[in-house]
Amino acid sequence: MTPTTSKEKKTPNLISLGSIDDDGSKLILHPSDVRGPFTHWRRVAAGLLIAVYVALPWIPINGYPAVLFDLDERRFHFFGLTFVPADFWIGFFLLSGLGFGLFFATSLLGRVWCGWACPYTVFLEHIYRRIERFIDGDAPTRRKLDASPWSSSKTLKRFAKHSLYLIVSATLAHIFLSYFIPLPRLWEMMRGSPIENAKSFGVVLFFTSALYFSFAWFREQFCVILCPYGRIQSALTDDHTVIIGYDERRGEPRGKPSNPSNGDCIACKKCVQVCPTGIDIRNGLQLECIGCAACIDACNSVMTKLDRPKGLIRYDSMRGLSGESTNWIRPRIVLYTALALLGAGAFTFSLSKVHDVSISVLRMRGMPYYVTDDAVRNQFQIRLTTKRNVDTTFTIKIENAPPETIVAGLDAPIVIKPQQEELHPFTITIPRKNYTGPVAMTLVSTSQPGGTVLESNLKFQGPDPRLFQAKNSLARSSNIGLLIPDF
């Protein structure tokens with residue numbers, strides 16, 4: 001069989017990185033194309049994921065894209081919900097739920113994320129390698145082209161392939177930028193001079209270069225060297241985790257199918273030829289395996305031709321491959337499920353506490369209170385924020401205030417422009433005769449449209465009322481009240 005790399009490995013019996021030669025140099029992998037049910041459904045899943053990635057900035061919900069990180073306005077629009085920086089604490093619960101959900105999936109099904117849904121795998125296997133196969137041909141043709149001297153045909157193919165790589169990389173970079181800049185504004189930037197939008201142009205240039213470098217040359221090395229997820233796989237899995245494995249009991253000894261003493265593995269190396277990271281799955285579970293199931297489809301096609309049962313390479317646990325039963329419910333599965341549900345529940349509950357308007361009361365700088373001959377006064381500021389894309393009217397009142405309390409600054413409704421935040425000062429004055437000490441009050445805000453009612457607590461402060469009584473008694477007994485200062 002033709003080897004899968006551009007050079008022959010000098011020590012084929014040693015278990016080593018499939019993409020690294022014995023002298024440490026990088027081997028260019030040319031995995032063969034494969035057909036089968038797993039490959040089919042991986043392509044369907046990849047097509048859906050790419051469509052979602054491209055479409056989200058184009059789908060309007062409540063006047064904004066479905067997902068938009070508007071850094072200029074400091075707003076995050078997520079499927080009709082709008083968040084401000086003060087709401088980002090909710091992201092902790094979202095990331096916790098997603099993180100433990102990934103731990104759960106890994107403990108149960110191994111690196112299913114890597115092979116089926118990771119953006120890096122999706123872009124590499126279903127865009128860039130499809131371009132390469134379209135221009136350069138199948139795996140043997142690509143290896144032959146690599147080994148051949150430079151010619152006009154080879155130069156033309158290399159130019160066409162890398163030109164398409166750059167175009168796709170630039171397109172993906174612009175789509176990524178559209179998650180941070182609304183599409184109309186991004187279109188204006190693209191039509192203008194790069195100097196006028198140097199920051200955005202620099203971001204696109206950086207991501208275009210990074211994508212081109214990663215998918216044109218670095219490729220599987222990212223999964224093997226840089227990705228931390230593959231490193232922690234061994235800590236998340238056990239002998240009951242479903243992985244892609246080789247049934248050694250059934251397959252060994254390897255050899256020609258005409259020999260009845262041999263196992264089912266005929267040493268055709270189809271599983272090695274289609275592997276995107278260049279490993280031999282028959283050597284057992286390896287760090288480089290991304291769980292893409294290409295080797296399963298390749299091996300099953302050979303078993304079908306030989307009229308032998310499928311599943312020599314299959315999804316199974318280490319215990320299942322050794323003939324034992326797989327325990328699906330295990331302590332780590334229960335723990336990760338509980339933590340994932342806890343994070344998801346906390347995130348859902350937190351969303352119920354997020355409104356499209358918000359209020360908060362701040363005490364103004366300076367003296368905490370002011371005393372006149374007949375009253376005590378406190379000065380406050382109310383911070384009003386609206387996430388709506390229409391004018392919002394706030395009607396505000398103070399509850400639980402003592403009799404004859406005067407509130408100045410909140411008499412008329414306050415109108416806030418769309419997606420704005422404003423501070424409005426107001427004062428609360430209580431007559432001395434009704435002041436009996438610090439008072440806990442409630443500020444109630446009703447916003448329109450929507451009729452959202454929000455409450456915020458505030459504390460009215462002042463001197464100890466006994467000082468007023470002492471001053472009045474002393475003034476009446478000695479008639480020297482004018483010599484006693486106000487508080």
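When a residue number appears, it is its place in the shown sequence, counting from 1.
- To the nearest 0.5 angstrom, Thr393 atom OG1 is 11.0 Å from Leu384 atom CG.
- When atom types are taken as modelled, the side chain of Arg75 and the backbone of Thr82 share no donor-acceptor pair closer than 3.5 angstrom.
- Within the 4.5 Å cutoff, the side chain of Cys292 has no heavy atoms near those of the Glu125 side chain.
- Salt bridge Lys387/Asp87: present, at least one basic N to carboxylate O contact under 4.0 Å.
- Judged purely by atom type and a 3.5 angstrom limit, Arg314 has no side-chain atom pairing as donor or acceptor with the backbone of Ile243.
- A distance-only check finds no donor-acceptor pair linking the side chain of Thr405 to the backbone of Ile430 [under 3.5 Å].
- With values rounded to the nearest 0.5 angstrom, Thr237 atom OG1 is found 12.5 Å from Phe103 atom CZ.
- With hydrogens and angles disregarded, no donor-acceptor distance shorter than 3.5 Å links the side chain of Arg388 to the backbone of Gly450.
- Remark: the backbone N or O of Lys397 is not paired with any side-chain donor or acceptor of Glu399 at under 3.5 angstrom.
- Remark: Glu220 CD to Ile225 CD1 distance equals 9.0 Å, nearest 0.5 Å.
- Checking side-chain atoms of Thr277 against main-chain N and O of Glu288 turns up a donor-acceptor pair under 3.5 Å.
- Judged by distance alone, with hydrogens and angles left aside, the side-chain atoms of Asn378 form a donor-acceptor pair with the main-chain N or O of Gln461 at under 3.5 Å.
- Sorted by first and then second residue, the side chain to side chain donor-acceptor pair (under 3.5 Å) pairs involving residues 165-175 (not counting sequence neighbours) are Tyr128-Ser169, Tyr165-Arg219.
- Screening residues 178-204 for side chain to side chain donor-acceptor pair (under 3.5 Å), with sequence neighbours left out, gives Asp72-Arg185.
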Verify salt bridge (Lys or Arg N to Asp or Glu O under 4.0 Å) between Asp33 and Arg142, making sure each step is shown before the conclusion.
CA-CA 12 Å; Asp33 207 359; Arg142 295 198 302 273; over 6 Å; no
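- The backbone N or O of Cys114 lies less than 3.5 Å from a partner atom in the side chain of Thr121, making a donor-acceptor pair.
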Step-by-step salt bridge (Lys or Arg N to Asp or Glu O under 4.0 Å) determination, Glu404 to Lys433:
CA-CA 10 Å; Glu404 302 181 38; Lys433 62 180 181 179; 3.5 Å; yes
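- Residues Thr372 and Asp374 bring a donor and an acceptor atom of their side chains to less than 3.5 Å of each other.
- Exactly one residue among Phe78, Phe83, Phe180 makes a ring-ring contact (aromatic ring centres under 6.0 Å, His included) with Phe69. That residue is Phe180.
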